[in-house]
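So the structure is just underneath, and the comments pick up after that.
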Amino acid sequence: MGQFARFAAGRLLIAFVTLAVISIAVFAAMRSVPGSYADVMLPTNARAEARAALIDKYGLDDPLPAQYLKWAGNALTGDLGDSLTSGDSVLSELGSRAAVTVELALLGGLLALLVGVPLGLVGGISRSRRATGLVRVGNSVLLSLPDILVGALLVWLISTYEVPFTVGGWEPLFSDPYANLQAALPAALTISVLGMGFVMTTTRGTVAQIASEPYVQAAVARGETRGQIVRRHVLRNSSVPVLTVFAVYLGYLLGGAVIAEVLFSLDGIGRYVIDATGHRDYPVVQGAVLVAAAAFVLISMLVDLLYGVLDPRIGARSAR
Amino acid sequence: MLQDLFDTPARVSRRSVLRGMLVGSAAIGGSSVLAACGKRDEAGTATGASTIATRRGGTIVWGKPAEATLLDPTTGGVGSSMELFQIVYDPLIAVDGELRLIPGLAERWEQPSDTEYLFTLRDGVRFSNGRALTSDDVVATFERYFDPRMASSLASFIAPGTRVARVDARTVRFTLPAPSSTFLSALASAFAVILPMAEVRAGRIDLSKQMLGTGPFMVESHKAGSSWMLVRNPHAWQPPIADRLSIKIMPDDNARIAALRDGSIDLTYFDVPDAERLLADVPNTEVKVQDRTDFYALVLNATGKGSPFTDQRVRQAISYAIDRDQIREIALAGTGQPTGAISAAFGDIAPRPTLAHDPEKARALLRQAGRTNLSFEIVYPGEAFGRIAQVLQQNLEAVGVKVTLGSLEEGVWVDRVYTQRPPKFDATVSWYAAYVGPAQALNLWNVDISPFAFQVRDPRTQELIVRAQQAPEGQEAEALKEASAAIDVQASTIPLVTKNATIAWRTDLIRVEIDDKDGNIHPLRHSPEYALAKAA
């Protein structure tokens, strides 16, 4: 087997084991939470017979290992089961909501990069105490600002001033891009704040370290311009750690930006899973977490491959 | 050094001046943009609903706080589902704004004896698929509701042994084993709607996933947790003025307020007591606080081993310590009415609580019971309940009782209070529906009907409850008074204050009619008459 094939096989095996462990953990956690599906769905004065009938209908009184194995076996074939609440296929429900979550994640990630990288660059390179101080304070604010506060502030802003943004008025991107962005941007801004902080911190630290490297000093001595040095040496060499942080953050966002989706009434995966958790809709929670974990694992694998492109030394080490 | 290429000495330079001007301009520009955008408050003034010119057709957009999770009326007796049942289906009997029973699918009914009712169906009523409604549908619907295997929500209000039979194509007879003062009001409930039983029995419709009724609207599409699109039922006997009803599921109160402001929804409602205040400055919006028969209650676990509440004196002391007026003013923003077991929303027929606020009596009873150092926990499932619990904590502290509070996630709360045997709680704040008949809520204290493990079993109270629920017309008031007084004395589930709803709508976008009172969780009772504004 070739080098790359062995590498890929190893990664896939790790991914499979990771997903299996996560699925077992989520299954066990959901079944451990007090209050069954029947408890939360039926009126409080529902008789025991009604509860029993509902539990029996969905096989929720079968032995737990049997329930898990049945679900896992179906999941391997791509069938994540049906929502207990709506009866619809979990996979199709997630699919119909994925566009919202993916768009929010990508927009939020983009905003995090657009703000975090330049400011981190300034903070890492500048010797001006005022500049670095401002960046440091800004960084701390971004890292400590709760996204629920940012979101609530934006909702208030939108509802008080005639600003061209909306709450809860999502339109698909390709059918009405303007209306789509009116709804998406405030939510994306809400979830990007923490990411801006992460990216800025990582960029600042990495850039500061790289700026004092001998090869950078050599570039300065050779008379390269500021822009050339930043592009050819600083950004390139700081990209790996920044990419790592960004990938982790993107994976987290793809799991569903719950706070933003609830605050802005957006129909994404995060809000769907939160509702399902409250309703004890086990197939939805299990399926959604599995899909989010798979997305995270996939992103990690892609980032590993990207490392080799960004930094040929990493690619060469892996190939040996 | 690299930094030397970026930094200049600390002196005024063209770069620093330009940078300063840029920052200053951005600050000025930002606030100017907001000022230029204008506050939505200045967009217009509130207008009365009656001043707008309306049109036929169009799409009403309703911001609904919670998804309808159970779609089968047989078992779906939860508020979020009941709202939808009453738009898609119809019951035999309807209710007006004063909770009086009026004809629904039945154009009239007679009571030949204390235990017999004859209903005559309206002529020409059809389901939304065009099939005519017949008495066979009615008989089959109630056979389904009465089937013990179905464990329907309606069954708890109908005496076992009640029979239903077809008399002719438009007439149905109900025969009860004993007189009932709750029978007619139970038939007016959301979970007594008439179902398309021919399709159900033929397997052509699964009621847990599909809805097919005689109501003004029918379901066109549904995205779980997100939205519904309902269209006019072409065969409705109460055809709506609007073409469509778009329902957006918006659980967040602030999001619904924002959507009301920007006009992306036409109407919505709120359960939070502060809603009227929060909506005060939303332009072009009218707000109505609707009296509901629902009520909050303090539930004491009176059967727990070692529980202080097994002693009736302690329970009564708790009851005497409660200041319902303070709960209403502080926790519920002045909404609702102090209530006993018969919801105060029913008006004069509802007796006031007999164990009214009296801290001295509370202390005396605690001394008699030897419980002068009493302490316990009140658990609760949400914000409004938490506020009530805080006021109760203060009321009880004033009589020397120490209360700790515990907020629980709803599913956990249901499990600990209603499911576990024995229940795992000391006391909780809950809420109950009293529906449209004064005697219906008495089921909560009827241990043969309500399966609550925390309920006290008292034969005398049970007898009075049954007597009130079987009282002939004209004798109901006295029987209700006796049952209510017995429940007060028992003091295990202590009614507190009625639970109102706040309905808000854009007066420049839609004309609506909202009843002063409701007992069926039916904010859109007059939806067929709602009309959208004409385009300017």
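Scope of the values below: all heavy atoms of this structure, side chains included, with no hydrogens, waters or symmetry mates. In what follows, chains carry the letters A, B, and so on, assigned in the order in which the sequence lines appear, proteins first and then strands, with residues in each chain numbered from 1.
Atoms CD1 and CG, from A/Ile158 and B/Asp262 in turn, are 8.5 Å apart once rounded to the nearest 0.5 Å. Rounding to the nearest 0.5 Å gives a distance of 6.0 Å between CZ of A/Arg97 and OG of B/Ser226.
The backbone N or O of B/Gly225 sits less than 3.5 Å from a side-chain atom of A/Arg271, completing a donor-acceptor pair.
When every heavy atom of A/Val167 is checked against every heavy atom of B/Ala259, the shortest pair comes out as O-CB, 4.4 Å. Closest non-hydrogen pair, A/Arg280 versus B/Gly411, comes out as NH2-CA, 3.3 Å. Residues A/Leu42 and B/Leu70 approach most closely at CD2-CD1, 3.9 Å, considering heavy atoms.
Both the backbone and the side chain of B/Val412 come within contact range of chain A, each with at least one heavy atom under 4.5 Å from a heavy atom of that chain. Contact annotation for B/Leu260: neither backbone nor side-chain heavy atoms come within less than 4.5 Å of a heavy atom of chain A. For B/Ser264, the part sitting under 4.5 Å from any heavy atom of chain A is the side chain, from C-beta outward, and nothing else. If you measure heavy-atom distances from A/Ser83 to chain B, you find no contacts under 4.5 Å at all. For chain B, no part of A/Arg130 is nearby; none of its heavy atoms comes within less than 4.5 Å. At a 4.5 Å heavy-atom cutoff, B/Ser152 makes no contact with chain A through either its backbone or its side chain.
Counting heavy atoms from C-beta on, the side chains of B/Thr419 and A/Arg51 come closer than 4.5 Å.
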> Would B/Glu67 and A/Ser86 count as a side-chain contact (heavy atoms from CB on, under 4.5 Å) if you check the C-alpha gap in whole Å, the side-chain angles of each, and the deciding distance to 0.1 Å?
Replying inline: CA-CA 10 Å; B/Glu67 172 66 290; A/Ser86 68; over 6 Å; no

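Remark: B/Glu410 CD is loosely packed, at most 12 non-hydrogen atoms of other residues, nucleotides or ligands lying under 6.0 Å away. The neighbour count for B/Arg149 CZ, taken as heavy atoms of other residues, nucleotides or ligands under 6.0 Å away, does not exceed 12. Summarising the local packing, CD1 of A/Ile148 is surrounded by 12 or fewer heavy atoms from other residues, nucleotides or ligands at distances under 6.0 Å.
For B/Asp253, the side-chain hydrogen bond (donor to acceptor under 3.5 Å, both in side chains) partners are B/Arg256, not counting sequence neighbours. Under the salt bridge (Lys or Arg N to Asp or Glu O under 4.0 Å) criterion, B/Lys223 pairs with A/Asp267, sequence neighbours left out.
In terms of heavy-atom pairs under 4.5 Å with chain B, the best-connected choice from A/Ser96, A/Ala53, A/Ala38 is A/Ser96. The residue among A/Asp275, A/Leu263, A/Val40 with the most heavy atom pairs within less than 4.5 Å of chain B is A/Leu263. Chosen from B/Lys248, B/Gln420, B/Glu409, B/Met150, the residue pairing most often with chain A at heavy-atom distances under 4.5 Å is B/Glu409. When B/Asp206, B/Ile265, B/Leu408, B/Ile249 are compared by the number of non-hydrogen pairs under 4.5 Å with chain A, B/Ile249 comes out ahead. The greatest number of non-hydrogen atom pairs below 4.5 Å with chain A, out of B/Trp413, B/Phe452, B/Tyr432, is found for B/Phe452.
Exactly one of B/Ile257, B/Asp252, B/Asn254 qualifies for a side chain to side chain contact (heavy atoms under 4.5 Å, CB included) with A/Val155. That residue is B/Asn254.
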